[in-house]
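Since the structure comes first, as structure tokens, the remarks are kept for the end.
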There are 2 protein chains.
Amino acid sequence: MENQDIKKAGLKITLPRVKILTLLEKHGGHLSAEDVYKILLDEGEEIGLATVYRVLTQFESAGLVVRQNFEGGQSVFEIDSGTHHDHLVCIKCGKVEEFLDATIEKRQEAIAKKFGFTIKDHALVIYGCCDKAECNLE
Amino acid sequence: MENQDIKKAGLKITLPRVKILTLLEKHGGHLSAEDVYKILLDEGEEIGLATVYRVLTQFESAGLVVRQNFEGGQSVFEIDSGTHHDHLVCIKCGKVEEFLDATIEKRQEAIAKKFGFTIKDHALVIYGCCDKAECNLE
DNA sequence: AATGATAATGAGAAGATTTCTCATTATCAC
DNA sequence: GTGATAATGAGAAATCTTCTCATTATCATT
């Protein structure tokens, strides 16, 4: 299944690649390269951090995963669901919610047009506190 | 003038701080810490890179400058104009345009409310190619 | 204007994230 | 199975940023 996606990307089907892709699919969430590395180590895999970075970058180029550059250091990766979406990030607990707003998408196109830009990509991240009690203390 | 802003922030008025703030005001654009450092060196100032980072972070906390985390490494800083705005960045030549769209701002509030988030901050960056000929080659 | 408490500086070390190098190993078309 | 080639893992290195600490500058008080 996912193995064919790897092959279609022009990459050989190797254990590290299958493990990383499976992990991202299983986890569903937004994992950093180091998260992926540690989880695989915990699961008893022998894998190098350099391989994780390399493979994630290759998957990104191949369109299998999407990289998000949230504030504060590490990039995080998620399986490319095929449908673009933006993110809400809780700055207290780290919870990430996804959303897609047609109005915002349309306005962006209009703005780019006004400035003579051709959009290649965009990143909208809303940082805030989610509704959990412990995320709303002073 | 700007010296009072430094004092109001609870910081002593020192040569490095005045130089950095003046440079950001004069330049107007979006400069990285290293840009600031190199320009000041070129102007014959004696300043350390650590001081530039330290001062920019202090200015950010004080609300004098705003930090932008565009893709690809370094943070860039600009004088806080007082009015929030988002950015269009040309991925070819690096040109940065600023915009503010009331519709997008309102939609963000609605989305945060729907998810139970209290917005603290947000970052919207549109990456694309600007209308210069050399930025639209394949 | 001199003094002294305190904050700020500059230089280099160190931390954090990511990429590179290269010898060894695995994949896969034949 | 074999061999050409790609991929891996380990550590070095690159990049950006922060930390440490001895020295220096600021500024309220004299």
Side-chain angles (χ1 to χ4, degrees), chain A residues 2-23 30-62 64-77 94, chain B residues 2-23 30-62 64-77 94:
Chain A
E2 72 261 4
N3 292 7
Q4 285 319 109
D5 293 331
I6 295 174
K7 183 172 270 178
K8 266 185 266 171
L11 302 169
K12 288 187 176 170
I13 298 171
T14 63
L15 213 52
R17 286 183 181 142
V18 172
K19 293 290 178 190
I20 292 170
L21 196 52
T22 304
L23 174 58
H30 302 75
L31 297 176
S32 69
E34 190 142 13
D35 291 336
V36 169
Y37 175 63
K38 284 183 175 163
I39 292 171
L40 290 178
L41 280 191
D42 283 351
E43 291 180 353
E45 302 299 329
E46 280 214 2
I47 195 163
L49 184 55
T51 301
V52 175
Y53 274 104
R54 201 189 294 121
V55 169
L56 285 172
T57 302
Q58 290 164 337
F59 283 178
E60 185 191 12
S61 301
L64 296 178
V65 308
V66 179
R67 177 195 303 256
Q68 304 293 337
N69 295 295
F70 296 156
E71 275 176 19
Q74 312 181 109
S75 295
V76 296
F77 299 83
Chain B
E2 71 261 6
N3 292 7
Q4 285 319 109
D5 292 332
I6 295 174
K7 183 172 270 179
K8 265 184 266 172
L11 301 169
K12 289 187 175 169
I13 298 171
T14 63
L15 213 52
R17 286 182 181 143
V18 172
K19 293 290 177 191
I20 291 170
L21 196 52
T22 304
L23 173 58
H30 302 76
L31 297 176
S32 69
E34 189 142 13
D35 290 337
V36 170
Y37 175 62
K38 284 184 176 163
I39 293 171
L40 289 178
L41 281 191
D42 283 350
E43 291 180 354
E45 302 298 329
E46 281 213 2
I47 195 163
L49 183 56
T51 301
V52 175
Y53 274 104
R54 202 190 293 121
V55 168
L56 285 172
T57 302
Q58 291 164 337
F59 284 177
E60 185 191 13
S61 301
L64 296 177
V65 307
V66 179
R67 178 195 302 256
Q68 303 293 338
N69 295 296
F70 297 155
E71 276 176 18
Q74 312 181 108
S75 295
V76 297
F77 299 82

Nucleotide [N], atom [atom2] - distance to [atom1] of [X] in whole Å:
{"X": "A/Gln4", "N": "C/dC28", "atom1": "CD", "atom2": "C1'", "result": "13 Å"}
{"X": "B/Ile47", "N": "C/dT9", "atom1": "CD1", "atom2": "P", "result": "8 Å"}
{"X": "A/Asn3", "N": "C/dC28", "atom1": "CG", "atom2": "C1'", "result": "14 Å"}
{"X": "B/Glu71", "N": "D/dC16", "atom1": "CD", "atom2": "P", "result": "15 Å"}
{"X": "B/Arg54", "N": "D/dT20", "atom1": "CZ", "atom2": "C1'", "result": "10 Å"}
{"X": "A/Ile6", "N": "D/dA6", "atom1": "CD1", "atom2": "P", "result": "17 Å"}
{"X": "A/Arg67", "N": "C/dT17", "atom1": "CZ", "atom2": "P", "result": "14 Å"}
{"X": "A/Gln58", "N": "C/dT18", "atom1": "CD", "atom2": "P", "result": "16 Å"}

inquiry  = With a 4.5 Å cut-off on side-chain heavy atoms, are B/Thr14 and B/Val55 touching?
reply    = no
What's the closest nucleotide to the [X] side chain, out of [options]?
{"X": "A/Gln74", "options": "D/dT8, C/dA11, C/dT17", "value": "C/dT17"}
{"X": "B/Leu49", "options": "D/dT17, C/dG10, D/dG9", "value": "D/dT17"}
{"X": "B/Tyr53", "options": "D/dT17, D/dA10, C/dT18", "value": "D/dT17"}
{"X": "A/Val55", "options": "D/dT18, C/dC20, D/dT8", "value": "D/dT8"}

For [X], which residues count as a side chain to side chain contact (heavy atoms under 4.5 Å, CB included) partner, sequence neighbours excluded?
{"X": "B/Ser61", "result": "none"}
{"X": "B/Val18", "result": "B/Glu2, B/Asn3, B/Ile6, B/Ile13, B/Thr22"}
{"X": "A/Leu15", "result": "A/Lys19"}

Has A/Arg17 got a side-chain N or O lying under 4.0 Å from the OP1 or OP2 atom of D/dT8?
yes
### Task
Return no unless some side-chain N or O of A/Ser75 is found under 4.0 Å from OP1 or OP2 of C/dT18.
yes
Output all residues satisfying salt bridge (charged side-chain N to carboxylate O under 4.0 Å, His left out) with [X], sequence neighbours left out; order by chain, then residue number.
{"X": "B/Glu60", "answer": "B/Arg67"}
{"X": "B/Lys12", "answer": "none"}
{"X": "B/Lys7", "answer": "none"}
{"X": "A/Glu46", "answer": "none"}

From the list B/Leu56, B/Leu49, B/Thr51, side chain to side chain contact (heavy atoms under 4.5 Å, CB included) partner of B/Tyr53 resolves to B/Leu49
Residue set satisfying ring pair (Phe, Tyr, Trp, His ring centres under 6.0 Å) with B/Phe70, at least two apart, ordered chain then number -> B/His87
Angle separating the five-pair end axes of the helix from C/dA1-D/dT30 to C/dC30-D/dG1, nearest 10°, is 30°
Sorted by chain and residue number, the side chain to side chain donor-acceptor pair (under 3.5 Å) partners of B/Ser32 (sequence neighbours excluded) come out as B/Asp35
When rounded to the nearest 0.5 Å, the distance separating CZ of A/Arg17 from CD1 of A/Ile47 is 10.5 Å
Per-nt protein contacts along nucleotides 24-30 of chain D (heavy atom under 4.0 Å; B base, S backbone sugar-phosphate only, - none) come out as --BS---
Sorted by number, residues from residues 30-46 of chain A placing a heavy atom under 4.0 Å from DNA chain D are A/Glu46
